[in-house]
Amino acid sequence: MKQQAFLDKINPVKDKMYRLALRLLVSKEAAEDATQEVILKLWNRKHKIKDYTNLEAFAMMVIKNHCLDELKAKKNNNLRIVHQNYENKSISPQRDLELKDEMNWIQDIVADLPEQQRIVFQLRDIEQLDFEEIEEITKMKSTAVRVALSRARKKIRERLTNKHDYGITKN
């Protein structure tokens, strides 16, 4: 496989890979490094890429496993979820501050989720992947993916409701 053909297949997927790595690792730099390393791994296996029916799902599975290996190897001590919200210049500074505060609450809630729930939530609700792709990436059964997603959403909803209704930050 020529370099340009490889890049044509990888370019549509690399942003998703980076976002997943960013969700699992502490910093942008670590996520960029992980994404580059996985792309290099895929390049080294370029002769086998045509054998994969869904390159995106395979690449997402490889990046997930790579990031989890990084975390297990203690190269990264903290697990933090970071979501970069786009800046809308038409909103007031007060509303902007409220939105940032809300995003921080959600980040904290998602960070407290069990690993499987966090990954399934990221892949489904943020990356908007199909359940079949999530099953392939996580190697989980269909019912397990749906249960993990349901529990993650329920936990997020409960914690946000408690925060908004009662000012409670922890369950």
Verify the distance criterion only: is there a donor paired with an acceptor across the side chains of E158 and N162 at less than 3.5 Å?
no

Is it true that W105 and V110 fall in one hydrophobic cluster, defined by side-chain heavy atoms closer than 4.5 Å?
yes

Got a second to check how far R124's CZ is from T138's OG1, nearest 0.5 Å?
13.0 Å

Let me confirm one number: the CZ-CE distance from F131 to M140, rounded to the nearest 0.5 Å.
11.0 Å

For Q36, all residues meeting side chain to side chain contact (heavy atoms under 4.5 Å, CB included), sequence neighbours excluded
D33

Results of side-chain hydrogen bond (donor to acceptor under 3.5 Å, both in side chains) for E32 - residues two or more places apart only:
none

Between I63 and M60, what is the shortest heavy-atom contact and its length?
CG2-O, 3.1 Å

For E136, enumerate each residue passing the salt bridge (Lys or Arg N to Asp or Glu O under 4.0 Å) test, keeping only those at least two apart in sequence or located in another chain.
none

Going from CD1 on I119 to CG on L149, what distance comes out if it is rounded to the nearest 0.5 angstrom?
13.0 Å

Among residues at least two apart in sequence or on other chains, which ones pass side chain to side chain contact (heavy atoms under 4.5 Å, CB included) with S142?
E135, R146

Within this structure, what is the CG-OG1 distance for the pair L25 and T35, rounded to the nearest 0.5 Å?
8.5 Å

First locate atom CD1 of I106, then atom CG of D101, and finally report the distance between them rounded to the nearest 0.5 Å.
10.5 Å

Identify which one of K155, R159, R118 satisfies the salt bridge (Lys or Arg N to Asp or Glu O under 4.0 Å) criterion when paired with D112.
R159

Atom of A21, atom of A34 and distance for their closest heavy-atom approach:
CB-CB, 4.3 Å

Partner residues of N65 under the side-chain hydrogen bond (donor to acceptor under 3.5 Å, both in side chains) criterion, sequence neighbours left out
none

Hits for side chain to side chain contact (heavy atoms under 4.5 Å, CB included) against E132, two or more places apart or cross-chain, chain-then-number order -> D130

According to side chain to side chain contact (heavy atoms under 4.5 Å, CB included), who are the partners of V13, at least two apart in sequence or on a separate chain?
M17, E56, A59

List for me each residue that meets ring pair (Phe, Tyr, Trp, His ring centres under 6.0 Å) alongside Y52, sequence neighbours excluded, and say none if there are none.
F58

Quick check: do Q122 and L24 have side-chain heavy atoms less than 4.5 Å from each other?
no

Which residues satisfy the side-chain hydrogen bond (donor to acceptor under 3.5 Å, both in side chains) test with Q94, sequence neighbours excluded?
E98

Where do A57 and I137 come nearest, in terms of heavy atoms and distance?
O-CG1, 3.2 Å

Give the minimum heavy-atom separation between F6 and K46, together with the two atoms involved.
CD1-CB, 4.3 Å

Same cluster for W43 and V62 if Ile/Leu/Val/Met/Phe/Trp/Tyr side chains link at under 4.5 Å?
yes

Can you confirm whether I126 sits close enough to R23 that some side-chain heavy atom of one is under 4.5 Å from a side-chain heavy atom of the other?
yes

Would you compute the distance between atom CD1 of I39 and atom NZ of K41 and round it to the nearest 0.5 angstrom?
12.5 Å

A side-chain contact here means heavy atoms from C-beta on lying under 4.5 Å apart; do L113 and I156 qualify?
yes

Heavy atoms from other residues, nucleotides or ligands near CD of E37 exceed 12 (cutoff 6.0 Å):
yes

By side-chain hydrogen bond (donor to acceptor under 3.5 Å, both in side chains), R153 pairs with (sequence neighbours left out) D125

Taking the side chain as everything from C-beta on, heavy atoms only, tell me whether L68 gets closer than 4.5 Å to E115.
yes

Please evaluate residues K9 and L42 with respect to the criterion side chain to side chain contact (heavy atoms under 4.5 Å, CB included), reporting the C-alpha separation (whole Å), side-chain torsions for both, the decisive distance (0.1 Å), and the verdict.
CA-CA 11 Å; K9 290 184 181 235; L42 294 173; over 6 Å; no

Criterion side chain to side chain contact (heavy atoms under 4.5 Å, CB included) on L55 and I10, from CA distance to verdict:
CA-CA 8 Å; L55 178 62; I10 286 297; 4.3 Å; yes

